[in-house]
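Some notes on the structure that comes next.
Just so we're clear, the structure is a prediction, and the values are computed from it rather than from any experiment. First the proteins, then the strands, lettered A, B, ... as listed; each starts at 1. Both backbone and side-chain heavy atoms feed into the values below; hydrogens, waters and symmetry mates do not.
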Protein chains: 2
Amino acid sequence: MIESQEFQEPLVNTEQRILDAAKLLFVQKGMDGTKMQDIADSAKISRTSLHYYFRSKQKLFEAVFYDQFDRFLPRVTKIMEQEITFEARLGQFVDKYLDLFLANPYLPNFMMNELNRDPEKMIELFAGEGLFSKRVREQVEGELRLMNPSLEASHFILNLISLCVFPFIARPMVKAFLINGEKDAFSHFIRERRAIIVDTLMCSINDAK
Amino acid sequence: MIESQEFQEPLVNTEQRILDAAKLLFVQKGMDGTKMQDIADSAKISRTSLHYYFRSKQKLFEAVFYDQFDRFLPRVTKIMEQEITFEARLGQFVDKYLDLFLANPYLPNFMMNELNRDPEKMIELFAGEGLFSKRVREQVEGELRLMNPSLEASHFILNLISLCVFPFIARPMVKAFLINGEKDAFSHFIRERRAIIVDTLMCSINDAK
DNA sequence: TATATGTTTGACAGCTCTGTCAAACAGAAT
DNA sequence: ATTCTGTTTGACAGAGCTGTCAAACATATA
């Protein structure tokens, strides 16, 4: 058997084209609102071919889901382990997530939809990961206690996540009302937020009231 | 014709029972994921009766939608017009929204789903209302400029909305990881947030860096 | 009692969606 | 040329969902 790989790619990998099309449609119209025909059309293949690649709609959805989910939990341990100030670590964390969402604008919505459709599945998947892991959580609690004992870690973490994630969830709203529709205005606006989020959170810590 | 009203209500108003059931299902499973049969079962009537009350699924959905939407835009002008400090007004605003969402826990998700399903419809409906109205917006801009000229109103408003709304959108997550599943823990947690949100936002203003 | 109005239901027609199959097609290996 | 593998497609069967209709039912009025 002669090894004759790398000959595929008609124009661009069909499987990836399907995943891209499916992701977009699943996010916009939901799992049930999206028909296999829609995905096939969008990927420029026949619906039967779609079934050839992903046997069923459920399987396709799961493929899209896990593909997205894996991106959602970048290892924060690297950030946590660094011997730098709390503020610097916070900055890195915010950076990482804003960049992630800018590169994958549909990720937050996708995750929130699933969270409400099937909370138990999502909670199980999230359990012990990232900010929800015991280790990270306890470290944040310890550091916060030193700086401002009256500020509960739960609220601080929720503030952090809210400020990072919500603008993407409400993106059409932000685009329409908070920025003036210039080209690339949204990503510019988000990059401005990096410093704003860090400042806001830091001063909520330092504000020993 | 003798006026013989108020004789209906078998046990409780059927129409309202339908709306309640439909709201819950539409939020959890989406418009397309919800079948008329599901709603009928949940409201304890036959599917045909459901059609009798709301001719079509679309009409039922719209009824639910506008019923929800109307709650979503409490008149903030009353708050804006009061001659009180900025902080006091901010507090009233946060109060009003947290109470609203506590009483209608599915509202934020419902609105965000629709925002992504049909952004133009939502933007049109929101335009000029509440925080997005020109009047309110300019007042906030003016007041902020006096206190901290380097803080843009867009970011401030987005921070405010993020901190108020996101915890409800991610509610299952908050319940699972940030509070320890006690009875009424969520609403208690949210009431704690009232002061935290106001403090956080105020100190982001005062922090003239 | 008879009649009118409002409500509920079972049955049906029509449509849409999914998933399968067998056949056609393309290209590489023999 | 033919054989084999992987890909694409049209056609079909089956299931589920919506919306309508006519008939039954309940209740109040005349």
Side-chain angles (χ1 to χ4, degrees), chain A residues 1-66 113-114 117-118, chain B residues 1-66 113-114 117-118:
Chain A
M1 293 113 184
I2 299 151
E3 61 282 3
S4 52
Q5 288 97 327
E6 55 257 72
F7 54 86
Q8 289 164 325
E9 249 86 342
L11 267 165
V12 57
N13 186 2
T14 306
E15 201 163 313
Q16 192 57 50
R17 244 176 39 234
I18 295 175
L19 285 172
D20 290 344
K23 175 183 66 179
L24 207 66
L25 288 166
F26 280 149
V27 171
Q28 282 172 353
K29 308 160 67 119
M31 153 86 161
D32 301 289
T34 304
K35 309 300 162 205
M36 290 298 261
Q37 187 67 64
D38 302 339
I39 299 170
D41 291 348
S42 172
K44 312 254 191 240
I45 53 171
S46 72
R47 193 176 57 81
T48 320
S49 275
L50 190 50
H51 279 281
Y52 173 76
Y53 282 91
F54 299 88
R55 193 172 304 280
S56 70
K57 186 178 178 181
Q58 183 59 32
K59 286 222 185 335
L60 172 56
F61 183 80
E62 277 167 19
V64 171
F65 174 80
Y66 287 108
N113 279 347
E114 282 309 288
R117 239 177 42 115
D118 191 346
Chain B
M1 294 113 184
I2 300 150
E3 60 282 1
S4 54
Q5 287 98 327
E6 56 255 72
F7 53 88
Q8 290 164 323
E9 251 82 346
L11 265 165
V12 56
N13 186 2
T14 306
E15 199 161 316
Q16 193 55 48
R17 244 177 38 236
I18 294 176
L19 286 172
D20 290 343
K23 176 182 66 177
L24 207 66
L25 288 166
F26 280 149
V27 171
Q28 281 172 354
K29 308 162 64 123
M31 153 85 161
D32 300 289
T34 304
K35 309 302 163 202
M36 290 298 262
Q37 188 66 64
D38 301 340
I39 299 170
D41 291 348
S42 173
K44 312 250 189 246
I45 54 170
S46 72
R47 195 174 56 82
T48 319
S49 275
L50 190 49
H51 280 282
Y52 173 76
Y53 282 91
F54 299 88
R55 193 171 304 279
S56 70
K57 185 178 177 180
Q58 182 61 32
K59 286 223 186 334
L60 172 55
F61 183 81
E62 276 166 21
V64 171
F65 174 80
Y66 287 109
N113 278 348
E114 281 309 287
R117 239 177 43 112
D118 192 344

Treat primed atoms plus P, OP1 and OP2 as sugar-phosphate and everything else as base, then score nucleotides 14-20 of chain D 5' to 3': B for base contact with protein heavy atoms under 4.0 Å, S for sugar-phosphate contact only, - for none. ---SBBB
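Per the geometry, CD1 belonging to Ile39(A) stands 12 Å off C1' belonging to dC17(C), to the nearest Å. In this entry the distance linking CG of Leu50(B) with C1' of dC21(D) reads 17 Å, nearest Å. Put simply, CG on Leu60(A) is 14 Å from C1' on dG19(C), counting in whole angstrom units. In this structure, the CZ atom of Phe54(B) is 12 Å from the P atom of dT7(C), given to the nearest Å.
Tyr52(A) pairs by the side chain to side chain contact (heavy atoms under 4.5 Å, CB included) definition with nothing, not counting sequence neighbours. Every side chain to side chain donor-acceptor pair (under 3.5 Å) that Asp20(B) has, sequence neighbours left out, goes to Gln16(B). With sequence neighbours excluded, the residues that form a side chain to side chain contact (heavy atoms under 4.5 Å, CB included) with Phe54(B) are Glu15(B), Ile18(B), Leu19(B), Leu60(B), Ala63(B). Residues satisfying the side chain to side chain contact (heavy atoms under 4.5 Å, CB included) criterion with Ser56(A), sequence neighbours excluded, are Gln58(A), Lys59(A). Residues passing the side chain to side chain donor-acceptor pair (under 3.5 Å) test with Arg55(A): none are found, sequence neighbours excluded. In this structure, the side chain to side chain contact (heavy atoms under 4.5 Å, CB included) partners of Asp41(B), at least two apart in sequence or on a different chain, are Gln37(B).
Proximity of residues 22-32 of chain B to DNA chain D (heavy atom under 4.0 angstrom from any strand atom) is not detected for any residue.
Between the two ends of the helix from dT1(C)-dA30(D) to dT30(C)-dA1(D), each summarised by a five-pair axis, the helix axis turns through 20° (rounded to 10 degrees).
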Would you be so kind as to tabulate the donor-acceptor pairs closer than 3.5 Å made by side chains of residues 23-34 of chain B, with sequence neighbours excluded?
| residue | atom | partner | partner atom | Å |
| --- | --- | --- | --- | --- |
| Thr34(B) | OG1 | Leu25(B) | O | 3.1 |
| Thr34(B) | OG1 | Gly30(B) | O | 2.8 |

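At the phosphate of dT9(C), OP1 or OP2 sits under 4.0 Å from a side-chain N or O atom of Ser49(B). For Tyr52(A), a side-chain nitrogen or oxygen approaches OP1 or OP2 of dT7(D) to under 4.0 Å.
Note: Lys44(B) NZ to Arg17(B) CZ = 9.0 Å, rounded to the nearest 0.5 Å. Once rounded to the nearest 0.5 Å, the distance linking CG of Leu50(A) with OG1 of Thr14(A) reads 11.0 Å.
For Arg117(B) and Phe65(B), the positive end is not near the middle of the six-membered ring at less than 6.0 Å and at most 45° from its axis.
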